[in-house]
Asker: 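Below: one structure in structure tokens.
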Amino acid sequence: MLLHPLFIDLAERTATLVVLAFFLSRFRFFRRMLRRTDGPRDKIITIIVCTLIGIYGTYAAIPIEGALANSRVIGPVMAGLLGGPLVGIATGFLAGVHRYFLGGFTDIACAVSTTVEGLLAGLVYLRYHRRSMHWGAAWLVGFIAEGVQMLIILSVARPFTEALRLVEIIALPMMLVNASAIALFIMIVQAAKAEEEKIGSMQAQRALQIADITLPILRQGLDEHSAEKTARVIYNMTEAAAVAITDKERILAHIGAGDNHHNKGTPLQTEATLEALRSQNVIWAHNKKEIGCSSKDCPLHSAIIVPLTKRESTVGTLKLYFKREHEVSIVDWELARGLAQLFSTQLEIADLEKQASLLADAEIRALHAQINPHFLFNALNTISSFIRTKPETARRLIVNLAEFFRRNLHQGDRIITVEEEMKHVEAYLEIEQARFGDKLQVKTDIQPLAWKQHIPGLILQPIVENAVKHGLLAKKEGGTVHIFIGKENQALTVRVTDNGVGFSPYTKTRPLSGIGLVNVRSRLQALYGNPYDLKIECNPGGGTVCTITMPWEERNVS
């Protein structure tokens, strides 16, 4: 007779928790957990929220035979499924301790079982944390967790006859109702995740449309002219009340509401902007006070402020303003972040193009006859392919490309250390490895005392490029380039070996026909004379061996 009303009563109380879950799905911390990027702060919030859910489940219980038919299990199980074992155990322990202090002959059993249920859900998380959990699996976890609780009650609670009587009454209703509630929680989670992915897709599409229009503009670099054009494009394509772009000291452009006092060329006015520049973090200003504008009549009451960066340093900000407090949504947040990442990449590309235009020196031009526009074109194409899928990799490659051309510009007529030259080579190789993947393998063997030896700038990179371009990449399956630098026969020896296509030993002129290699040999002869030289030989194992010998300077070694 008690079974039917107990089902109904438990379902009514559990419905409140389901509504609460839907409410939580509207918050950013909950959405971050769905993306599995939650940090310690989000885990603590999860523990607190799910513990409160567990405690609510205890207080909303139905008294039965001196015990409680409850929905406490929902809190620790959801904590475990969302945050993992530690989060599940912590939540189960806290909710269990609360239950223990309420007393009753099942107090110890309920405290222990609540902790075990959190652990069980956390272990399931380890299986599913990289993919979505089906609601059916969640239902099964909840059903088993409640079954475990019934077993613990029978094992721990005394007297046994009362424990058995209680389990006979509450087991099936609690197992079915609470498992169903947990399944509904997971369905809400999946719906929120699908909504998050839809928002991300929409904002990515809009961000790419804006980036497509602004790319030619930002190729000029970041100044008042390019900033104003870019801000106007964003203003016309979004619902922001105003769009502003700044450098580190002043407003470059402000389009929309508030332009009567947010004038271009004036020093930065808002505290939120200064904080974004200092911290390099995205600032979400929920109200006028958090924006920090000095004008009392400013119509802007909320904002999202994103730093613009180049080579790990902040060069300005992108700001989207709104007229009402708390008007900034997760949609605006994601759009602003996406745009800032794209703009930062575009600004770095603009810097690269400026550096490329400075290649006017005749000797440097000769050295780079092999580093022709095809290399830059291919490198930028490679970077472009990573921008959407692996933005951090794209940014790193841009930095490497910039470093590559910077060293090309400034090291051609200098004597530098082996360490400096290797940085140049590594920047080149990382770009090529990103482009060709496993087809290009690199091994280095550099003696510790060789790092501080002095050599002419741009002496090694042309040799490595020749091995990659003409040796390995001409081979269908690619291969390995091995770089050795050390002391041999009282000389500094630089040896680049590849297992590529090689060359015919009868074709005497081919190995040194490249203008870069000819330039390397002529510079060696001019600087050091005989017996120091550049030699290219067939590798007995297939491929080519290129050896450079230079004086070993004992005084440079500490």
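All heavy atoms count here, side chains included; hydrogens, waters and symmetry mates do not. Numbering starts at 1 and runs along the sequence shown. The structure presented is a predicted model; accordingly, all values stated were derived computationally and were not measured.
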Asker: Can you list everything that forms a salt bridge (Lys or Arg N to Asp or Glu O under 4.0 Å) with E430? Sequence neighbours excluded, please.
Answerer: R396
Asker: In the structure I gave you, are the side-chain heavy atoms of C293 and K288 within less than 4.5 Å of one another anywhere?
Answerer: no
Asker: Say you draw a straight line from OH of Y125 to CG of L86; how long is it, rounded to the nearest 0.5 Å?
Answerer: 10.0 Å
Asker: Checking S302 side chain against R324 main chain: does a donor-acceptor pair fall under 3.5 Å?
Answerer: yes
Asker: Using 0.5 Å steps for rounding, measure from the OG1 atom of T230 to the CD1 atom of I217.
Answerer: 4.5 Å
Asker: Distance-only, no hydrogens or angles: does the S113 side chain make a donor-acceptor pair with backbone N or O of C110 under 3.5 Å?
Answerer: yes
Asker: Could you please spell out the steps behind the side chain to side chain contact (heavy atoms under 4.5 Å, CB included) verdict for D247 and V315?
Answerer: CA-CA 6 Å; D247 59 16; V315 296; over 6 Å; no
Asker: Minimum heavy-atom separation for Q149 and E117, please, with both atom names.
Answerer: OE1-OE2, 3.0 Å
Asker: In the structure I gave you, are the side-chain heavy atoms of L10 and M174 within less than 4.5 Å of one another anywhere?
Answerer: yes
Asker: With a 6.0 Å cut-off (strictly less than), is the heavy-atom count around OH of Y56, excluding the residue itself, greater than 12?
Answerer: yes
Asker: Would you find a donor on one side and an acceptor on the other, under 3.5 Å apart, between the side chain of T317 and the backbone of T273?
Answerer: no
Asker: With rounding to the nearest 0.5 Å, note down the distance linking CG in L277 to OG1 in T246.
Answerer: 5.5 Å
Asker: Check for a donor-acceptor pair, side chain of Q441 on one end and backbone N or O of D438 on the other, with a separation under 3.5 Å.
Answerer: yes
Asker: How many angstroms lie between CG in L308 and CG in L339, if you round to the nearest 0.5 Å?
Answerer: 10.0 Å
Asker: Grab the two heavy atoms, one from I153 and one from A109, that are nearest each other, plus how far apart they are.
Answerer: CA-CB, 3.8 Å
Asker: How about CZ on R232, more than 12 heavy atoms from neighbouring residues, nucleotides or ligands closer than 6.0 Å, or not?
Answerer: no
Asker: Rounded to the nearest 0.5 Å, how far does CG of L140 lie from NE2 of H134?
Answerer: 12.0 Å
Asker: Which heavy atom in L320 sits nearest to a heavy atom in A336, and how many Å separate them?
Answerer: CD1-CB, 3.9 Å
Asker: Any donor and acceptor pair, going by atom type alone, linking the side chain of N178 with main-chain N or O of N70 inside 3.5 Å?
Answerer: yes
Asker: Are any non-hydrogen side-chain atoms of M78 and I182 less than 4.5 angstrom apart?
Answerer: yes
Asker: Does a sphere of radius 6.0 Å around NZ in K248 hold more than 12 heavy atoms from other residues, nucleotides or ligands, not counting ones at 6.0 Å or beyond?
Answerer: no
Asker: Determine the minimum heavy-atom distance between V243 and A240, stating which atoms define it.
Answerer: CG2-CB, 4.2 Å
Asker: Using distance only, find each side-chain donor-acceptor pair of residues 254-265 under 3.5 Å and give its atom names and separation, not counting sequence neighbours.
Answerer:
{"residue": "H254", "atom": "NE2", "partner": "A257", "partner atom": "O", "Å": "2.8"}
{"residue": "K264", "atom": "NZ", "partner": "E228", "partner atom": "OE1", "Å": "3.1"}

Asker: Could you pull out the closest heavy-atom pair between A340 and P307, with the gap in Å?
Answerer: CB-O, 4.0 Å
Asker: Would E224 and K229 count as a salt bridge (charged side-chain N to carboxylate O under 4.0 Å, His left out) here? Give the steps.
Answerer: CA-CA 9 Å; E224 288 188 0; K229 284 188 173 182; over 6 Å; no
Asker: When you check the gap from the basic side-chain N to the acidic O, do E146 and R72 get nearer than 4.0 Å?
Answerer: no
Asker: Do we see a donor-acceptor contact under 3.5 Å between the side chains of T309 and T314?
Answerer: no
Asker: Only distances under 3.5 Å count here; give the side-chain donor-acceptor pairs of residues 98-107 to other protein atoms, sequence neighbours excluded, each with its distance to 0.1 Å.
Answerer:
{"residue": "H98", "atom": "NE2", "partner": "Y59", "partner atom": "OH", "Å": "3.0"}
{"residue": "R99", "atom": "NH1", "partner": "G103", "partner atom": "O", "Å": "2.7"}
{"residue": "R99", "atom": "NH2", "partner": "G103", "partner atom": "O", "Å": "3.4"}
{"residue": "R99", "atom": "NH2", "partner": "T106", "partner atom": "OG1", "Å": "3.0"}

Asker: Keeping the roles fixed (side chain from S279, backbone from N281), state whether a donor-acceptor pair exists under 3.5 Å.
Answerer: yes
Asker: Is the shortest heavy-atom distance from the side chain of T115 to the side chain of I89 under 4.5 Å?
Answerer: yes
Asker: Show the numbers, then the answer: is there a side chain to side chain contact (heavy atoms under 4.5 Å, CB included) between R13 and I62?
Answerer: CA-CA 9 Å; R13 287 162 171 76; I62 302 167; 3.8 Å; yes
Asker: Minimum heavy-atom separation for A227 to I245, with atom names?
Answerer: O-CD1, 3.6 Å
Asker: Any chance you could lay out the side chain to side chain contact (heavy atoms under 4.5 Å, CB included) test for V306 and W284, step after step, and finish with the verdict?
Answerer: CA-CA 9 Å; V306 191; W284 189 333; over 6 Å; no
Asker: Would you please name every residue forming a side-chain hydrogen bond (donor to acceptor under 3.5 Å, both in side chains) with W135, sequence neighbours left out?
Answerer: none
Asker: Between I398 and T345, is a side chain to side chain contact (heavy atoms under 4.5 Å, CB included) present by the stated rule, with each step listed?
Answerer: CA-CA 8 Å; I398 287 171; T345 301; 3.1 Å; yes
Asker: Applying the side-chain contact (heavy atoms from CB on, under 4.5 Å) test to C50, which of I47, L52, T46 qualifies?
Answerer: T46
Asker: Which distance, rounded to the nearest 0.5 Å, do you find between the OG1 of T58 and the CD1 of I53?
Answerer: 12.0 Å
Asker: Mind checking what makes side-chain hydrogen bond (donor to acceptor under 3.5 Å, both in side chains) contact with T91, not counting sequence neighbours?
Answerer: none
Asker: Just wondering, do I291 and Y321 contact through their side chains at under 4.5 Å, heavy atoms?
Answerer: yes
Asker: Using a 4.5 Å cut-off on heavy atoms from C-beta on, say whether the side chain of Q433 contacts that of V442.
Answerer: yes
Asker: With a 4.5 Å cut-off on side-chain heavy atoms, are V77 and V141 touching?
Answerer: yes
Asker: Are R165 and E162 within salt-bridge range, i.e. N to O under 4.0 Å?
Answerer: no
Asker: For R337, give me all partners under salt bridge (Lys or Arg N to Asp or Glu O under 4.0 Å), at least two apart in sequence or on another chain.
Answerer: E334
Asker: Is there a side-chain contact between L166 and I64 (heavy atoms, below 4.5 Å)?
Answerer: yes
